[in-house]
> 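Submitted below is the structure of interest, expressed as structure tokens.
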Amino acid sequence: MRSLDPYVPGEQPQDQQYVKLNTNESPYPPSPKVEQAIHNFDINTLRLYPDPESLELRSALATQHNLVAEQVFVGNGSDEVLAHCFQAFFQQSSALLFPDISYSFYPVYCALYKIEYQQIALDDSFEINIDDYRQAHGGIILPNPNAPTGIALPLDSIRRLLEASDSVVVIDEAYVDFGAESADSLIDRYDNLLVTQTFSKSRSLAGLRLGYALGHSDLIEALNRVKNSFNSYPIDRMASIAAIASVNDQSYIEACNQKVIDSRNRLSESLLQIGFKVFPSSSNFIFVEHKTAAAAELYQALKQRGILVRYFKSTRIDNCLRITVGTDEQCHQLVQALASILES
Ligand SMILES: *Cc1c(COP(=O)(O)O)cnc(C)c1O
């Protein structure tokens, strides 16, 4: 364990109130139906263990995705679901493939479960080229849209990836609701496809800890074996009730997501005007690089002004910032701060 290098989530400093644009949370509250469900929750039921199968929640998710409950797995955040996927599917004799610029939790799971991996370089515009994945492998995982670039792959590329693989392919759709196309429609055709989603971003429920996987019932069965060898009850009663209420208020969620998309497009335009290159985002964050100013310095200067954004000190992206799309007011504050920093 001494040699492990754990994942470091975005900072949550407590010394003052920050405009928090560093962990891709939603700026909008959860659905009012979630509030109602928690308000009406019968505290007395907390005496009892929850349903270990989370059948009611899985059924609600199955209905929403045109699947059956046997094709749905739920976990305590999609990070937990991803951890189970790595353990269940990727301990193979060939390397797991994922992009060199991607979710930085993937190499951490590989180290934990001793999984061999190979990172496939994005091209110079930070795009994924599917043909680069046509080589011997023990599995593939990629976020769509990718993080931290925000760039989405079309469904046709995912289909070509699935055709070219005999192994399990995990598409991590943490940000799919902000403008990309879900691969959930391909599940009945490809038994090696697993799609993961989360309640943390588009459903404004990062504090509830709920994520899920969709795929062939055999893959879900494998995840259940891992889960039941680890924790029988990852979803508590209150989380389950709140999550079901959220699934049943799709129109509220879609309205919030549309607001985020509109703000994102306006924010991208404003940053373009003050000298930023903005990568084309289909997410609730944008990935930017300034023509002259260094990202590390912009990050520090913003923090001093009470605005948090994410800076990754890793190769190829150490001059970029990842900025969560906040409310229009928060975006305005960010643009004002950046403009004033760039002038000084
Ligand atoms: C946020 C995120 C997750 C994890 O979300 P949970 O809060 O654990 O559900 C998974 N993958 C990517 C790419 C993310 O950005």
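In listed order, ligands and their atoms are each counted from 1.
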> In the protein, which heavy atom is nearest to atom 13 (C) of ligand 1, and how far is it?
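Ranked first by proximity to atom 13 (C) of ligand 1 is D172 OD2, 3.4 Å.
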
> What is the minimum heavy-atom distance between D191 and L219, and which atoms define it?
O-CD1, 3.5 Å

> How about NE2 on H216, more than 12 heavy atoms from neighbouring residues, nucleotides or ligands closer than 6.0 Å, or not?
yes

> Verify, without hydrogens or angle tests, whether R58 (side chain) and A69 (backbone) share a donor-acceptor contact under 3.5 angstrom.
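Present.
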
> Give the numbers and elements of all ligand 1 atoms closer than 4.0 Å to a heavy atom of G77.
8 (O), 9 (O)

> Give me the nearest non-hydrogen protein atom to atom 15 (O) of ligand 1 as residue plus atom name, then the distance to 0.1 Å.
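I find the closest protein heavy atom is Y175 OH, 2.5 Å.
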
> For atom 7 (O) of ligand 1, grab the closest protein heavy atom and report residue, atom and distance to one decimal in Å.
S200 OG, 2.6 Å

> What residue and heavy atom of the protein are closest to atom 2 (C) of ligand 1, and at what distance?
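Scanning the protein heavy atoms, the shortest distance from atom 2 (C) of ligand 1 goes to K201 NZ, 2.4 Å.
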
> Which atoms from ligand 1 have a heavy atom of A174 less than 4.0 Å away?
2 (C), 11 (N), 12 (C), 14 (C)

> Which protein non-hydrogen atom lies closest to atom 5 (O) of ligand 1, naming both residue and atom, and how far is it?
S78 OG, 3.2 Å

> Does CZ belonging to R225 count more than 12 external heavy atoms closer than 6.0 Å?
no

> If you measure only the distance, is there a donor-acceptor pair under 3.5 Å linking the side chains of D262 and Q258?
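Judged by distance alone, the side chains do pair up.
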
> Is the number of heavy atoms from other residues, nucleotides or ligands under 6.0 Å of D124 CG greater than 12?
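12 or below, so no.
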
> Flag the pair D5 / P107 as yes when at least one side-chain heavy-atom distance between them is below 4.5 Å, and no otherwise.
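No - every pair of side-chain heavy atoms lies 4.5 Å or more apart.
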
> Do F312 and C320 come within less than 4.5 Å of each other through their side chains, counting heavy atoms only?
no

> Mind checking whether E80 contacts ligand 1 via backbone (N, CA, C, O), side chain (CB onward), both or neither, at a 4.0 Å heavy-atom cut-off?
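The answer is neither.
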
> Below 3.5 Å, N or O to N or O, backbone or side chain included: is there any such pair between D79 and ligand 1?
yes

> Does an N or O from Y103, backbone or side chain, lie closer than 3.5 Å to an N or O of ligand 1?
no

> Enumerate the atoms of ligand 1 whose separation from the nearest heavy atom of R209 is less than 4.0 angstrom.
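Answer, ordered by atom number: 6 (P), 7 (O), 8 (O).
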
